[in-house]
Amino acid sequence: MKSSAFLTLLAFGALVATPACKREKAASSGASTTENAVATYVAPGQKDEYYLFYSGGHSGQIFVAGIPSMRHITTIPVFAPYSGTGYGFDLETKKLLGDYTWGDVHHPGLSQTNGAYDGRWLFCNDNANNRVARISLSDFKTKEILGPIPNSSGNHGSSFITENTEYILVATRFSTPLPKGRYVELSEYEKEFSGMVSGIKVDPDSGKMSVGWQIKTPPIDFDLGSTGKGPSSGWAFWTSYNSEMAHDLMEVNASQADRDYAAFVNWRAAEKAVAEGKAEMLEGVPVIDPVKVPGVLYYVTIAKSPHGIDVDPSGRWICASGKLQPTTTVFDFQKVLAAIEAKNFDGEFRGVPVLKYDAIVEGEVPVGIGPLHTQFDGKGNGYTSLYIDSAVTKWKLPPWTDEEKKDLNKTVLDKIPVHYAIGHLVVGGSDTKNPYGKWLVAMNKMSKGRHISVGPSQPESSQLIDISGEKMKMVYETFTEPEPHFAQILKVDAIKPIEVYPKEENKDPNAVWDMKQAGVTRAGADDVQVKLIAVRSRFVPDKIEAKVGDTLTVHITNVEQTADMIHGFAISEHNLNVVMDPGETRTIQVKLTKPGIFPYYCTNFCSALHQEMQGYLSVKPADSAQ
Ligand code: K7E
Ligand code: CUA
């Protein structure tokens, strides 16, 4: 098929599939509606079995839902201010956000130890501003944002966590001239622009992130990746598109060549090369040139315009899908190692060896049209999302019988329609050595009226599929705000989040626990410091006096040690709201610019006398005597 026709199909495939299938039909994949309802029903007072951590796309947030109920339980603000929790309003979280008020979250990744989720952290990337964030699973709060990552533009191909959380691996979707800030004509793209693969180092104790090393690449566009384990331990894999190195009319120009490249990166070799001084410093980061340091990077040609590449739980089978070819290609990593050993190359791409395709491929599984991502159930099956088909295909991983090898159609076990235009899908623990299996969540780009009408801006849809049996069963659907790309599923009992911040662990020097220590102090000519206590159902002090021109700093401590006893603190007409969890101290700072009397009040309905939880900020004119 001519590529332009195929591209049109790609663009409009989802729109052709009108919501003709009726509800009953969708719900009837092998089970009755009643059975499905029972399977997902979590009665009032009962709890879900799994967490679902959804990326929130350009909302800049992570959404937390429960499985099997699919109920949205909470939102973790990461890259965007969120007045609901006061995120981005106090000094600490303002500093986290830095110069940005939004981000584009694509791929959350849970920390791992020995290839299993260890329940410590959840990482996620910001595609727009080249950042990575770390969320603690002890309090579900964003602790750190690293970035913009130097020499890196378009942090889409992340956050992929190595099996002991040594690194978060990151690859660039866009290429730019380096160092950043250098002006070059776009026509010089092929020569002057570079992509980058980065290893973000994670401190094993504190979780603190830093840029460990980078590998400079030609200006191709990296897409999704994953990390190795077992035989592929120490390796990472990305697909890329734009082997043409085009920089305009991308839709056409980046789809000319018949094949694109997957990149196989030996990150342990990269780490070693840096230790041996084989990297050059650029913007404070050791950058490896893979032409000068052989062994860190190999390419292999794959079906054009690929999107996802996923490593199965054994670490041996590497599964890549090209959007414009109706197959998922399975590479055998043992053959990859043999091919590298034997230098079984098919030439090179800009000085880096290209592995011989036939030497490392195990087979091309005919999964369906528009394959994107593959997940695994740990029972020898892969599940591939099909964007154009709007479906999920279940297929059998190798080793295959001779009969199956002769006709790989025989490895395709089941196919289920989803609604509509699926992007990612997630199976619990798919990226670990021992997946949970059981549930699959399909994250669909279009919902097309499968919900009560909410106007032209329609939500995304997520569908819960039971994969415990031979055939997949569609059991539930729900809707989310923009925009889930990927998600992670974690067993609820894998973590033990805290319920209050213990008083003895509060190290904030400005925390006050005794009402006698609370109060207003003029610390300088225009510096007013307040130590404030929030407790049911009052603020101490409930009067703050200052004058125009002062900088007002308020340290608010919620002295409650009772679970769920949260207080907020908002000052009228000052664009300020913070929320203090039990035992927490947060600090707000505001330059006072207008005289008057401004009420402050608690924004969380905390008690029967919550409405009474208020006070007054009196701001005198600048020239008034103090
Ligand atoms: Cu992971 Cu949506 Cu960024 Cu695929 S992307 S669909
Ligand atoms: Cu405290 Cu309402």
Side-chain angles (χ1 to χ4, degrees), residues 10 14 54-59 86 103-109 124-128 154-160 170-174 221-226 238-241 305-310 320-323 370-375 384-388 390 392 418 420-426 430-431 441-446 460-462 480 482-488 532-540 542 556-560 562 564-570 577-582 584 599-615:
L10 181 67
Y54 283 105
S55 65
H58 44 287
S59 75
D104 189 4
V105 179
H106 279 241
H107 310 106
C124 65
N125 61 326
D126 168 13
N127 180 37
N155 175 20
H156 185 236
S158 74
S159 320
F160 307 117
V170 169
T172 47
R173 173 172 167 195
F174 308 118
D221 299 32
F222 287 98
D223 220 325
L224 266 285
S226 56
W238 280 274
T239 51
S240 74
Y241 54 100
S305 292
H307 190 54
I309 187 163
D310 296 279
S321 298
K323 288 177 298 217
L372 299 182
H373 303 288
T374 299
Q375 293 277 286
T384 300
S385 57
L386 305 171
Y387 179 79
I388 297 173
S390 275
V392 173
V418 295
Y420 302 91
I422 182 173
H424 275 276
L425 73 181
V426 64
S430 174
D431 54 346
V441 177
M443 284 163 271
N444 309 311
K445 302 295 183 196
M446 289 171 200
E460 273 62 59
S461 96
S462 291
T480 61
E483 154 137 16
H485 290 272
F486 188 44
Q488 296 266 270
L532 196 138
I533 283 175
V535 67
R536 270 164 292 170
S537 302
R538 60 199 284 207
F539 288 119
V540 182
D542 60 1
I556 312 138
T557 303
N558 176 351
V559 299
E560 309 272 1
T562 310
D564 209 8
M565 204 39 70
I566 297 165
H567 299 289
F569 179 83
N577 178 51
V578 280
V579 176
M580 284 67 57
D581 293 342
E584 193 180 29
Y600 53 88
Y601 71 101
C602 172
T603 45
N604 259 76
F605 204 110
C606 50
S607 67
L609 295 173
H610 152 81
Q611 288 298 92
E612 284 77 353
M613 198 164 168
Q614 63 167 61

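When a ligand or atom number is given, it counts from 1 through the structure's own listing order. Predicted model, so just to flag it, every value in this text is computed and none were measured.
Look at H373 and atom 4 (Cu) of ligand 1: an N/O/S atom of the residue is under 2.8 Å from the metal. For H485, the nearest N, O or S atom to atom 2 (Cu) of ligand 1 falls under 2.8 Å.
Summarising the geometry, atom NE2 belonging to H107 is positioned 12.0 Å from atom CG belonging to D431; distances are rounded to the nearest 0.5 Å.
Close approach of ligand 1 to H107 is summarised as follows: ligand atoms under 4.0 Å from at least one heavy atom of the residue are 1 (Cu), 3 (Cu), 5 (S). The contact set between ligand 1 and L224, taken as ligand atoms under 4.0 Å from a residue heavy atom, comprises 1 (Cu). Near G423, the atoms of ligand 1 lying under 4.0 angstrom from a non-hydrogen atom of the residue are 6 (S). Against a heavy-atom cut-off of under 4.0 Å, H307 is close to the following atoms of ligand 1: 4 (Cu), 5 (S), 6 (S). Set against the non-hydrogen atoms of H424, the atoms of ligand 1 under 4.0 Å away are 1 (Cu), 2 (Cu), 4 (Cu), 5 (S), 6 (S).
Between H567 and H610, the ring centre distance reaches or exceeds 6.0 Å. Between H106 and H424, the ring centre distance reaches or exceeds 6.0 Å.
Side-chain N or O atoms of S537 include none that pairs as donor or acceptor with a backbone N or O of S607 at under 3.5 Å.
Under the 4.0 Å criterion applied to side-chain N and carboxylate O atoms, E560 and R536 are assigned as salt-bridge partners.
The two residues D104 and D126 make their nearest non-hydrogen contact at N-OD1, 2.9 Å.
Angle ND1(H106) to atom 3 (Cu) of ligand 1 to NE2(H156), rounded to 10°: 90°.
At least one heavy atom of K445 lies less than 4.0 angstrom from ligand 1.
Counting only heavy atoms from C-beta outward, the side chains of F160 and L224 approach each other to under 4.5 Å.
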